[in-house]
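The figures here come from the full heavy-atom set of this structure, side chains too, leaving out hydrogens, waters and symmetry mates.
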Amino acid sequence: MTRLIMGRLAEALAALLLMSLAIFLLSRVTGDPVALLLGDGATAEDRDLLIAQLRLDRPLWEQYISFLGNALTGDFGQSVAAGRRDALELVLDRLPASLSLAGVALGFTLVTGIAMGVLAAITRGSAVDLLVRIVALLGQSVPAFWLGIVLIYIVAVQWGWLPTSGYGTTAHYILPALTMGTFTLAAVTRLVRASMLDALGSEYIKLARIKGLPEATVILKHALSNSLIPVVTFMGAFFATMITGAVVVETVFAWPGIGRLAYESIVSRDFPVIQTVVLVITASFILANFCVDMLYLAIDPRMRDRG
Amino acid sequence: MTLLSIRNLTVRLGRDALAPTILEEVSLDVMPGETLGLVGESGSGKSTLGMSVLRLTPPRLAEGTSGEILWDGRDILTMRGRDLRALRGAEISMILQDPMASLNPVFSIGSQLTEALRRAGRSDLMQAAEAALAEVRIPSPAERLRSYPHQMSGGMRQRVVSAIGLAQEPRLIICDEPTTALDATIQYQFLELLRALQGAHGMAMLFVTHDFGVVARICDRVAVMYAGRIVETGPVREIFSNPRHPYTRALLAAVPSTSTAPDRLPVIEGAPPSIGNRPGGCAFHPRCPMAGPDCQRQPPMERLAPRHEAACWRAREEAAA
């Protein structure tokens, strides 16, 4: 088991290293950073000076090593647009807002999705099952930006129940979390329904009933514990959907997180900030996947005996 | 004193009276402490019969079930939640066919075993679980309690399933082809174990199988099923020496014998009818060497000797050559 964990850790680090290389190369081919930094009024001398200062006259591999060295010490350069602020600091400032929103959305999604999936599976073929399946299908078909705008229009503007946008109170979380979680909610529901139906038809459920266990124990302990394995498998993908969704949702709801920061810095061609956002998102994605692997080990004893 | 009495049990594929039947008018008694073998080909309805006793058939079959299954004078088919749960495991238990699939992969052996023991009111759960594993002759039972199903072989898992089945000291245990998935040598060991356990616990056993060899080894009495009906019942010795139904005769003739070693394995000509496509009258008549015009009508169950019954118009005749 220790070997398995070490292996996963090594894979995570390798992925991160590979990603840093991709980001470095992309930042070198998507434009001239010198022109961007100097602006229109610069002379050729200013230009040469800056190139030497940024070590852009060195070979590419040397540049990458120094990029990596800087990144390791937390130096991702300065923002071009936001008054030369430190890029990493700018991103880290925005990170808590994004993490709390994604956390709320993921929590709401898992709890509601698992409950709806279990409900649909145990009432298979009934009106409840049909309703859950229709809602799930709609949830996976509706684009987040549209849903966000419609929710703002109806719930916030027409009914006035919740704030239209912004950040601060608990009420501010509801609409963006709903928008962010809907696609995943639908996916979790369908996944849990399908795997619950599988589990409920299995021999070990028969044996649990033969023992005379109460139906609640049969369903919530014996069937659900097995049905959660595929949910855990997909959790990394769900998290990725949420993070990518954050760019849209945070922009629609004026949420001060890294998603909106990504959007703003793309609009203002603020390359150091874009790079940093991408790297932070990648790192959190790799971290999430690592956590999923560890969770897997915790719930499935068959995994613990591998490798 | 009958322990379990099945009366006119009919199981259809759904509520509709015209829906195809899986079991037709099955009546069967199990006496305390006896081992009754239920023999038939796949699709004859023998597993459905076992499942019906514990009300574990899928919803569509449950809807299409009629008749009576009497236990202590109460009809299991009309029991509701709490009574049914009090019956399952504690009064009637079951060993399933596939040991690879019948244990929950995410819980330890100990956890799955103590669930059953807890229901039996045991307080010293871990000790009781260890003793239960020792009784089914699992080596180093204390360590095995912490194992997970995937860490054990098929034979060992089937022993665990048996220990779970016996944990609440049931008066009847239904075995649904428990040896089919096991290797031949393991099969033999497992049957010996079952017989020893039955003797020690004094319970009755309903043994569902397609294998007359297994019947000879373990059963006191046997009921032969064909196309959803019981066609012959009697003491094992009597059925082996004097089978009266042509189907029973054909089944016995199809058991390969090690002493004669034929070039070709004997078979019953034709195939068993599929559900919903059963011939009228005696369902066996299209394959029967003795069939005549009267076989278009369903023969009644007829008593041929005090404990020997068969449903065949030709039951009193000798076999056709």
Residue Gln112(B) versus chain A: region with a heavy atom under 4.5 Å: both
Name the atoms and distances for all side-chain donor-acceptor pairs under 3.5 Å in residues 111-122 of chain A, with sequence neighbours left out.
unit_1    : atom_1 : unit_2    : atom_2 : d
Thr112(A) : OG1    : Phe108(A) : O      : 2.6

Considering only heavy atoms and a distance below 4.5 Å, find which of Ile95(B), Asp98(B), Leu56(B) pairs most often with chain A. Leu56(B)
Region of Ala90(B) in contact with chain A, defined by heavy-atom distances below 4.5 Å: neither
What's the spacing between Leu213(A) CG and Arg85(B) CZ if we round to 0.5 Å? 9.5 Å
Let me know if Leu103(B) has heavy atoms under 4.5 Å from chain A in its side chain, its backbone, both or neither. both
Using a heavy-atom distance cut-off of less than 4.5 Å, which residues of residues 177-211 of chain A contact chain B? Glu203(A), Tyr204(A), Lys206(A), Leu207(A), Arg209(A), Ile210(A), Lys211(A)
Taking only residues two or more places apart in sequence, or in another chain, which ones meet Tyr148(B) in a ring-ring contact (aromatic ring centres under 6.0 Å, His included)? none
Would you confirm whether Arg302(A), through its side chain, and His150(B), through its main-chain N or O, come within 3.5 Å as a donor-acceptor pair? no
Tell me the closest heavy-atom pair linking Pro105(B) and Pro301(A), and the distance in Å. O-CG, 3.2 Å
Under 4.5 Å, heavy atom to heavy atom, which residues of residues 217-242 of chain A contact chain B? Thr217(A), Lys221(A), His222(A), Ser225(A), Asn226(A), Ile229(A)
Counting heavy-atom pairs under 4.5 angstrom with chain A, the leader among Leu87(B), Ile164(B), Leu96(B) is Leu96(B)
Please check if atom CE in Met6(A) has more than 12 non-hydrogen atoms from other residues, nucleotides or ligands closer than 6.0 Å. no
Looking at Gln127(B), I'd like to know if its CD atom is crowded, meaning that more than 12 non-hydrogen atoms belonging to other residues, nucleotides or ligands lie closer than 6.0 Å. no
